[in-house]
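Encoded as structure tokens, the structure appears first; notes follow it.
Side chains included, hydrogens not; waters and symmetry mates left out as well; all remaining heavy atoms used. All values reported here derive from a predicted model rather than from experimental measurement. When a ligand or atom number is given, it counts from 1 through the structure's own listing order.
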Amino acid sequence: MTETPLPIVLVVAVALIDVDGRVLIAKRPEGKKLAGLWEFPGGKVEPGERPEAALIRELREELGIEVSESCLAPFVFASHAYDSFHLLMPLYLCRRWDGVVTAREHAGLAWVRPEKLSDYPMPPADEPLVAWLRDLL
Ligand code: C5P
């Protein structure tokens, strides 16, 4: 029997890193899947959209900040097989942006030292990123 492959959902995410080496995470709001869990900001790539353009758009919409593409350093890919789709999520690093980070769509924001990130419950796709960031930063 041949299995039907699950669709792949491409989500981009970013680790914004402040001058003290802390990383921004954002709490998913009520009414969304995985509500209450903490994620690296980002979102779904639209059909035909480049991942970096999607991330810049999502950061503007979600956090009210402007990021230039040259400041986005691709880091690692996370992936997770959910029941109905595969999530593929490249994580970028970013240390420079314009504007004040504001929770426009999330239930809360936290600037967290890499070694403390594991104190925050995250979606399964985001979890492996924590260990990578801890080793890097
Ligand atoms: O953020 P958004 O709801 O648009 O993401 C689409 C889907 O990708 C979510 O419903 C969730 O299942 C998954 N997701 C995830 N981890 C994230 C962001 C999204 O598993 N950090």
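Ion pair E69/R50 flagged as a salt bridge, since at least one NZ, NE, NH1 or NH2 atom sits closer than 4.0 Å to an Asp/Glu carboxylate oxygen.
Within the 4.0 Å heavy-atom criterion, the part of L34 lying near ligand 1 is the side chain and not the backbone. For Y82, every heavy-atom contact with ligand 1 shorter than 4.0 Å involves the side chain, none the backbone.
For ligand 1, the atoms lying closer than 4.0 Å to a non-hydrogen atom of E39 are 17 (C), 18 (C), 21 (N). Set against the non-hydrogen atoms of F85, the atoms of ligand 1 under 4.0 Å away are 12 (O).
In this structure, of D126, L37, L129, the residue bringing a heavy atom nearest to atom 16 (N) of ligand 1 is D126. Among K32, M89, K44, the residue whose heavy atom lies closest to atom 6 (C) of ligand 1 is K44.
For the 3.5 Å distance criterion, the side chains of E127 and H80 fail to qualify, holding no donor opposite an acceptor.
A side chain to side chain contact (heavy atoms under 4.5 Å, CB included) with L16 is found for one member of L63, I25, L109, V23 and no other, namely L63.
Looking at R22, its side chain never comes within 3.5 Å of a backbone N or O of A110 through a donor-acceptor pair. A distance-only check finds a donor-acceptor pair linking the side chain of R113 to the backbone of D20 [under 3.5 Å].
Among all non-hydrogen protein atoms, the one lying nearest atom 8 (O) of ligand 1 is L87 CD1, 3.5 Å.
Any N or O atom pair closer than 3.5 Å counts here, and R28 shares at least one such pair with ligand 1.
The ring pair (Phe, Tyr, Trp, His ring centres under 6.0 Å) pairs that include a residue from residues 13-55 are W38-Y120, where partners are two or more places apart or lie in different chains.
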